[in-house]
2 protein chains.
Amino acid sequence: MKVTMEDVAREAGVSRSLVSLAFRGAYGVNEATRDHILAVAGRMNYQPNSAAATLASRGTSTLGVFLLDLHNELFADVHDGIREVAGPAGRELLLTVGSIGGNLDRPALDLLVRARVDVVIAAGLLLSDDELAPYRRSLKLVSVMREVPEADNVLSDNVLGAGLAIDHLLGLGHRRIVHLASPRSDGYGGRREGYMRAMKQAGAKPRVVVSDYSRTEAAKAIAPVLDGAAPPTAIFAHNDQTALGVLDALHLRNLRVPEDVSVVGYDNTSASRPPGIALTTVDVHAGRLGRLAAEAAIARAADPAADPHEVRTTPSLVVRGTTAAPPR
Amino acid sequence: MKVTMEDVAREAGVSRSLVSLAFRGAYGVNEATRDHILAVAGRMNYQPNSAAATLASRGTSTLGVFLLDLHNELFADVHDGIREVAGPAGRELLLTVGSIGGNLDRPALDLLVRARVDVVIAAGLLLSDDELAPYRRSLKLVSVMREVPEADNVLSDNVLGAGLAIDHLLGLGHRRIVHLASPRSDGYGGRREGYMRAMKQAGAKPRVVVSDYSRTEAAKAIAPVLDGAAPPTAIFAHNDQTALGVLDALHLRNLRVPEDVSVVGYDNTSASRPPGIALTTVDVHAGRLGRLAAEAAIARAADPAADPHEVRTTPSLVVRGTTAAPPR
DNA sequence: ATGAAAGCGCTAACAT
DNA sequence: ATGTTAGCGCTTTCAT
């Protein structure tokens, strides 16, 4: 049924090793022989068994990629960046997906570990530092957007990014700025911290509400503050997705944006761009993060013993249509 | 360095086979022994090598998933559906991603083949029937949204869906309806065909322009027809993404939607839902497609020899804010 | 209930 | 340039 390398070798009248070498394009194989082997293999529809290859060679050249959530285009952008450098480097990508709640992180990582991928690039890990610690032994990890102790980290400066957003709002004249934050979890405090700092520095009173990463939850979470006393004139959301949830809630109440309320998102995903949305947001340059992560992963593969690598990139503010001076 | 099953067996004072059985929760292992083995393994941080397992057992229980494009949330919805049934069935998911141009389909599928996944669920394959044919021998394939000869197919009735959209437009009084179609490729003709049929049946003159699947390309492709003589009063796009591109182009020209031009998308991805967009679209019920595909995959794994399975689901029209009577 | 032994299909020295 | 020979770390009969 399944064609093995042995079958190809017999058919081509050569030894197994030669077939193996030919397939990996190694030097030291006569060109004619190689072509012949490849032709025979092609005719027989031979597909190498990578389980056997992995076992025999104790590893793969495949990169594992963990993405938190397929519904957030941020991760698609990161993936594009990874692929941009992994492809030319001859590295293939095997993905695994987590979930907004974080409860699928573990099985997703475990699957990658068992698949014996060379290095794992994880974007948006939600596991705590403690839960991640055991993986140090079984995994070469490049973490994107979330700082993991002792691992390679590719980060964006969230404190700075949040500061950019708040300063923009402050400059427009806002004082009652609410932050719709993500649930507390290790490695994700930056945006909230940047918000707190900028507010305090300006002598404005910070107010934080928490919601998970989904758009609908965000709309629910912001509802009470919109309906309560002294509603904010501006809302700084944890990311674009939750900002869209805020927009939904605002729309439902016939509150105009930006005339009545200003909204700032975070990530600059394409969901923020449409003319009808035109969300002011902070660009993390996700593609660049992906490229840097792939570079870090390849470097790590080449030198497993090197010191942990860390880059922190600088985000930028993208002002669009959802921010303006507060109503007077 | 790496802990093997042998190490665990030695440490636990049992044989390798027993460790193997314990790990797979097989019957016939004394409960106390099993607990002991698992405890020892846990302490040693043992991670089974699935390459070896795959090799020895000639297969995996993992499902491979191919998704055409991470930027189109349709695929995230399909993925959710797959996971919804695969999870409870104890099947893990390994993903691979193609690209809008279709040129990454092959490497992505090959990677899955070599990983020896049990069955591959492919959503949005762009390869031609001919290019797909060889995979018949190396792969159990469940194709979603694209009919592949001899494979298991989980489809949505695109002819019907397009008819729904056009009939809606026709009912509103539109006659000059342009279809922004996808490039011709096997298995994707349904929407165009449904458009042609509905137009002809109403005695309206069809007009088709083609663009690839990206938003920006769609905006470019529709530009000349907007700027040309006798511009359409309605545009039926191949999917939501390209419909958004159309919206962009319209916005750029200060054309109002739906007062000046009506727009209908396809897929009902979440990108079509925001209040500011409110795109009228055709819902393919992507989650359901995913669930059906996972069921088909599991059935196929259980009985590789069964006759090809085919389901064709019925889409529905979601009328929102981008369609209205044409200007008079 | 547990153990021994034979592969699974490759790669990696090492020969020739 | 090509062939030989050990494994890689598991699962799977088959014994016990």
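Each chain gets a letter, A, B and so on, in the order its sequence line appears, and its residues count up from 1.
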Item to complete: Please tell me which of the listed nucleotides, D:dT11, C:dG3, D:dA1, lies nearest to the side chain of B:Ser15?
Response: C:dG3
Worksheet entry | Value in whole Å for how far the P atom of D:dC10 lies from CZ of A:Arg116 | 7 Å
Worksheet item: Any luck finding a side-chain donor-acceptor pair between B:Ser128 and B:Asp130 under 3.5 Å?
Response: no
Practice prompt. Figure out the CZ/P separation between B:Arg114 and C:dG9, and round it to whole Å.
Written response: 17 Å
Worksheet item: Counting side-chain heavy atoms from CB outward, which of D:dG9, C:dG9, D:dT2 is closest to B:Thr4?
Response: D:dG9
Worksheet item: Which of these nucleotides, D:dC8, D:dT11, D:dA1, is closest to any side-chain atom of B:Arg16?
Response: D:dT11
Worksheet item: What nucleotide, of C:dG7, D:dC8, C:dT11, holds the atom closest to the side chain of A:Arg58?
Response: D:dC8
Discussion item. Donor-acceptor check, side chain of A:Arg146 to backbone of A:Ala122, threshold 3.5 angstrom: yes or no?
Written reply: no
Worksheet entry | Nearest-Å distance for atom pair CG/P, residues A:Leu18 and C:dC10 | 15 Å
Worksheet, complete the sentence: Walking DNA chain C from its 5' end, the first of B:Ala52 and B:Ser17 to be reached, judged by nearest nucleotide, is B:Ser17
Item to complete: Please confirm whether the backbone N or O of A:Ala53 pairs with a side-chain atom of A:Ser57, one donor and one acceptor, at under 3.5 Å?
Response: yes
Practice prompt. Could you tell me whether the side chain of B:Thr313 and the main chain of B:Leu155 form a donor-acceptor pair under 3.5 Å?
Written response: yes
Discussion item. I want to verify a distance call: between D:dC10, D:dC8, C:dT11, whose nearest atom is closest to the A:Leu55 side chain?
Written reply: D:dC8
Discussion item. Using whole Å, what does the distance between atom P of nucleotide D:dG9 and atom CE of B:Met5 come to?
Written reply: 12 Å
Item to complete: Name the nucleic acid region contacted by A:Thr33, choosing base, sugar-phosphate or nothing; use a 4.0 angstrom heavy-atom cut-off, strictly under.
Response: sugar-phosphate
Worksheet item: Taking only N and O in the side chain of A:Arg24, is any of them less than 4.0 Å away from OP1 or OP2 of C:dT11?
Response: yes
Worksheet item: Can you tell me how far C1' of D:dT4 sits from CD of A:Glu6, to the nearest Å?
Response: 12 Å
Discussion item. Looking only at the side chain of A:Ala56 (C-beta and beyond, no hydrogens), which of the listed nucleotides C:dG9, D:dG3, D:dA1 gets closest?
Written reply: C:dG9
Discussion item. Please check this pair: side chain of B:Arg300 against backbone of B:Val142, looking for a donor-acceptor N/O pair closer than 3.5 Å.
Written reply: no
Worksheet item: How long is the line joining CZ of A:Arg10 and P of D:dT2, in whole Å?
Response: 19 Å
